[in-house]
2 protein chains.
Amino acid sequence: MSVTIKDVAKRAGVSPSTVSRVLSNHPRISRETSRKVKEIMEEMGYHPNIMAKSLVSKTTESICVILPKPAEELFLNLFFMELIRGIVTQANRSGYDVLISSGGNEKEEVEAVSRLLNGRRVDGAILLYSRQDDQVVDFLKSNNYPFVLVGRSEKYPDLLSVDTDNVQAAYDATKHLISLGHKRIGFVSGPPNLIVSQDRMKGYGKALADAGLEMRKEWIVEGEFLQESGYRAMSFFMNLPERPTALVIVDDIVSFGVLRGLHELGYKVPEDVSIISFNNISLTELSTPPLSSVDIGIYNLGYTASQALIQTVRNDDKTVLPHRYIIPHRLMIRESSMYSLPKS
Amino acid sequence: MSVTIKDVAKRAGVSPSTVSRVLSNHPRISRETSRKVKEIMEEMGYHPNIMAKSLVSKTTESICVILPKPAEELFLNLFFMELIRGIVTQANRSGYDVLISSGGNEKEEVEAVSRLLNGRRVDGAILLYSRQDDQVVDFLKSNNYPFVLVGRSEKYPDLLSVDTDNVQAAYDATKHLISLGHKRIGFVSGPPNLIVSQDRMKGYGKALADAGLEMRKEWIVEGEFLQESGYRAMSFFMNLPERPTALVIVDDIVSFGVLRGLHELGYKVPEDVSIISFNNISLTELSTPPLSSVDIGIYNLGYTASQALIQTVRNDDKTVLPHRYIIPHRLMIRESSMYSLPKS
DNA sequence: CAAAAAAACGCAAACGGTTCCACTGGAGGT
DNA sequence: ACCTCCAGTGGAACCGTTTGCGTTTTTTTG
């Protein structure tokens, strides 16, 4: 069928071993033989069978990325595209392939990742999200498989991971609003079991506390990473007797919903309500008004994650050296928070 | 190291062949043996080695999707995320894995796809874009590898492909604008070597012709699938002595740029200029004003593509039955084109 | 110039499965 | 009681590579 190493060997009058050694340019192959074999390979259209190779070498030169539980919801987010782009670019650059997998629920995720790792189809995994108590992490950890987490785990603080300092990022964002004179600052959060929601909430609270401002329960709502969440949050906030004048929002996508809600209720951004959110996906600058956002370097997160993982799996002694890579963030101030509250 | 079929066999007191047969539940294995072997597999934590399996079965149960040339630009688009989501979902559902690959340029794409297919790492490929003269298509076609095209090829009309009827879609969109009373309708196109640009332009032209309207060269601009393109198009259009009153725009992302340009120049949408674009990515409904868009069922495109490909590779006699799947489109009319031109 | 060292290459055993073919034992047919 | 047939299983070759070790050839060296 397809031309194998043996065919090449026969044609070149050498042994298969020699051909193999030419392939991996082994030091003890003569210039001459190497040249000749390569020529014949070219001529016969030889391509190494990757499966056979990984069978014996016990390494697949590929990694997988596990999409979070409700891929249907979250996948919509530009966030993941950016991340994947970073991962794929880096991986391909290092000669690795990337395999994408998703599961309808956490159990299916575990099954998928088990099939992939246990079946030796991939060398390692990248997890795009860290839930509070993640079965996938448990699995990977207990089987001692190489993996890197984009985010962080509370249960295992010492994992190989790449993350944003979300507490600090939220702190900075909140402080920015405070510096504009706001005293009543609300927070629109994501799913409470996501570490990222918790961290950002924490930074928000810390900034308020440091400024001597009160943090009111009714100024905090939880939701999903969906536009609807922002929209619903608005009808709630705006019916309050005492409304927040500024909002920290857990994700840009939610901000879009907030924007729409505010618009429909007749409020102006930033005059009536100033807002700032996280991730700085493209499009934040295109909304009206353009959204202030904390750029967390998504592409970079993916790129770094891939790099860290591949470095680990390449390491022969397979010791996963735990390390937390923190990707720097920075505030992108745009119109949605370019308004200082008049002193009243 | 890891528990193999032989370990299980030994422990169960049967031969490896039998274990293998249990795995693929071969008809001629007794209930009893099957039960027992399965029990032992469970107990020992056996997982089949996928590489070994594909080495002999010559099938990998995985496909790859090739990201278009400048992944860095286009990847940004929500379009691809939706598509990939559809592909991955369907593939996983059919027990297939999906491998993502990108290349810096067309040659690298060919190399990647060659490595993957020739190296027997994947069974088939999905191409996300059809350029005018695509080397990847040439490669796949001439090597007789199974693949499906999302889009269409002019060179080979008879490929397995899934597509939108872009001519008709553009026709419908344009006709919609005409029905609102517009006579001066412009077109913002994408890269001219992309079939999709050409088709949409064709439909646009056809609708104009059918309505007896003129199609002026200066009302057509070409660009990229980028916001900037839309932005630039606006400064051009709006400096024309005779400006179009409505625009058909090749992609939603470009519309966002158009919107910004128009906003900065002080024009109102839809009163001064009505616009409609293609793809209906989420966020079209969130812009101000919400964008009219032709929904082309992106997720469905991906889902169908994956289905078609897997069906093909599963077919033993590997004959790729050419077929064009057309995914239906539909107009989503929103505020950006909800304005009838006053009779003047 | 012989011996030792180095260089270049071949042999064969893996890697973990699948599958064709052969073998066994019991059921059914005559 | 003998033959046939078939369900159930085992044996062994093979898929296409890699690699440790041994063998041959060449070069170096005393």
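Reminder, nothing fancy here: chain letters follow the sequence lines and each chain counts from 1.
In summary, contact between chain A and DNA chain D, defined as any nucleotide atom under 4.0 Å from a heavy atom of the protein, begins and ends at D:dG16 to D:dG20 in the 5' to 3' direction. The span of DNA chain C lying next to chain B, judged by atoms under 4.0 Å from heavy atoms, is bounded 5' to 3' by C:dG16 to C:dC20.
Between the A:Ser94 side chain and the A:Tyr96 main chain, no donor and acceptor come within less than 3.5 Å of each other. With A:Asn92 contributing its side chain and B:Ser102 its backbone, the two residues share a donor-acceptor pair below 3.5 Å. Side-chain atoms of B:Asn143 never come within 3.5 Å of backbone atoms of B:Tyr145 as a donor-acceptor pair (strictly under, hydrogens ignored). Without hydrogens or angle criteria, B:Thr18 side chain to B:Val14 main chain gives no donor-acceptor distance under 3.5 Å. A donor-acceptor pair is defined here as one N or O able to donate and one able to accept, closer than 3.5 Å; such a pair exists between the side chain of A:Ser57 and the backbone of A:Lys53. The main-chain N or O of B:Val313 is never found under 3.5 Å from a side-chain atom of B:Asp123 such that the two would form a donor-acceptor pair.
Judged purely by distance below 3.5 Å, without hydrogens or angles, the side chains of A:Ser62 and B:Arg121 pair a donor atom with an acceptor atom. A:Ser142 and A:Asp138 are not linked by any side-chain donor-acceptor pair at a separation below 3.5 angstrom, with hydrogens and angles left out of the test. B:Ser20 and B:Ser17 are not linked by any side-chain donor-acceptor pair at a separation below 3.5 angstrom, with hydrogens and angles left out of the test. With 3.5 Å as the limit, one finds a donor-acceptor pair spanning the side chains of A:Ser161 and A:Arg324.
An angle of 40°, rounded to 10°, separates the two end axes of the helix from C:dC1-D:dG30 to C:dT30-D:dA1, each defined over five pairs.
Contact annotation for B:Ser54: no contact, since no heavy-atom pair falls under 4.0 Å across all strands. Here A:Ile29 lies in heavy-atom contact (under 4.0 Å) with sugar-phosphate atoms only.
Screening B:Thr89, B:Leu67, B:Val98 for a side chain to side chain contact (heavy atoms under 4.5 Å, CB included) with B:Ile84, the sole residue that qualifies is B:Leu67.
Residues satisfying the salt bridge (Lys or Arg N to Asp or Glu O under 4.0 Å) test with B:Arg115, not counting sequence neighbours, are A:Asp97. Contacts of B:Glu43 classified as salt bridge (Lys or Arg N to Asp or Glu O under 4.0 Å), with partners at least two apart in sequence or in another chain: B:Arg11.
Residues from residues 5-28 of chain A with heavy atoms under 4.0 angstrom of DNA chain D, sorted by number: A:Ile5, A:Lys6, A:Ser17, A:Ser20, A:Arg21.
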